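To keep things clear, I will list the structure first and then write my remarks on it.
This structure is a prediction, so every number in the text was calculated from the model and none was measured.
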Amino acid sequence: MLSMRATAKTKGIKPKHVKDLIPLMILMVIIFLLLLFWENELDEDAVAATLEQLHVDYPQSDIPIRYCNHMIIQRIIKEPNNTCKKEHFFIHERPRNINSVCNSPRRLPCQNHDPSLCFLSEIEFKMTVCKLIEGTRYPACNYRVFTTEGFIVVICDDMGPSKIQRYTE
């Protein structure tokens, strides 16, 4: 029995050659690239938020205090450079009623020299306006809440409203 242990001990286990590790290293690089690609896909989804995610809160969320601060954090609403938005609003109306604005005969030129045609709603919508009162870098933004009713101006494409440009009281 001693001779078997001594024999195994003297033979030992040989370390693998570097060339044997190449398939493992390639697999690790592939996994890393897949994870990196997956992370970027998630970021793109956050950036490409829909009109409904950005502006529609129907039925209105039951948040008794700090409504704007909560909603802006929950929906990740910020400027592209991660600064706080100066103003943002949430419309408390059914999405199909907002979509119908694209059928409005009330057309007007869009702001900021946008070549698209804008549509003004025929009816006023209930909304909450959030105005920045403190903070510059997202998520450290503090907003004041204003409830109002107003008309909305939307840019429409073949699918319906593609962007809510502004509201007017």
Pairwise distance SG(C141) to CD1(I73) - rounded to 0.5 angstrom: 6.5 Å

Minimum side-chain heavy-atom gap V101-P161 below 4.5 Å: no

Polar side-chain atom of Q165 near backbone of Q111 as donor-acceptor pair, under 3.5 Å: yes

Atom pair CG (L120) and OG (S104), whose distance is rounded to the nearest 0.5 Å: 6.0 Å

Close side-chain approach of E52 to L54, heavy-atom, < 4.5 Å: no

Verify same cluster id: L132, I72 (apolar side-chain graph, 4.5 Å): yes

Cation over ring face, K131 and F146, 6.0 Å, 45°: yes

Aromatic ring proximity, centroids under 6.0 angstrom, H55 and F89: yes

Non-hydrogen atoms of E93 and Y58 that approach each other most closely: O-CB, 3.2 Å

Atom pair CZ/SG of R107 and C118 - distance to nearest 0.5 Å: 11.5 Å

Same apolar cluster (I L V M F W Y, side chains within < 4.5 Å links), I155/L51: no

Closest non-hydrogen atom pair between I77 and H88, with its separation: CD1-NE2, 3.4 Å

Audit row: E87, Y167, side chain to side chain contact (heavy atoms under 4.5 Å, CB included) steps and yes/no: CA-CA 11 Å; E87 182 177 283; Y167 71 94; 3.5 Å; yes

Point-to-point distance, once rounded to the nearest 0.5 Å, from CD1 of I98 to CD1 of I152: 5.5 Å

Closest approach of G160 to C102 (non-hydrogen atoms, all atoms of both residues): C-SG, 3.5 Å

Side-chain (R106) to main-chain (S121) donor-acceptor, under 3.5 angstrom: yes

I123 reachable from F151 in the ILVMFWY side-chain graph, under 4.5 Å edges: no

Which atom of E79 lies closest to which atom of C84, heavy atoms considered: CG-O, 3.9 Å

R144 side, atom CZ; C68 side, atom SG - distance, nearest 0.5 Å: 11.0 Å

Short side-chain to backbone donor-acceptor contact, Y143 and K85, under 3.5 Å: yes

Same cluster (ILVMFWY, side-chain, under 4.5 Å), I164 and L108: no

Hydrophobic cluster membership, V153 vs V129, 4.5 Å side-chain cutoff: no

Close side-chain approach of T148 and M127, heavy atoms under 4.5 Å: yes

Steps toward side chain to side chain contact (heavy atoms under 4.5 Å, CB included) verdict (T128, Q60): CA-CA 9 Å; T128 300; Q60 184 173 355; 3.7 Å; yes

Value rounded to 0.5 Å, distance of CD1 in I133 from CG in N69: 7.5 Å

Any pair counted as salt bridge (charged side-chain N to carboxylate O under 4.0 Å, His left out), so long as it reaches residues 53-66, sequence neighbours left out: D57-R75

Donor-acceptor under 3.5 Å (N97 side chain, S100 main chain): no

Within 6.0 Å of CD in Q74, more than 12 heavy atoms from elsewhere: yes

For N82, all residues meeting side-chain contact (heavy atoms from CB on, under 4.5 Å), sequence neighbours excluded: K78, R137

Pair F90 + H92: ring centers closer than 6.0 Å: no

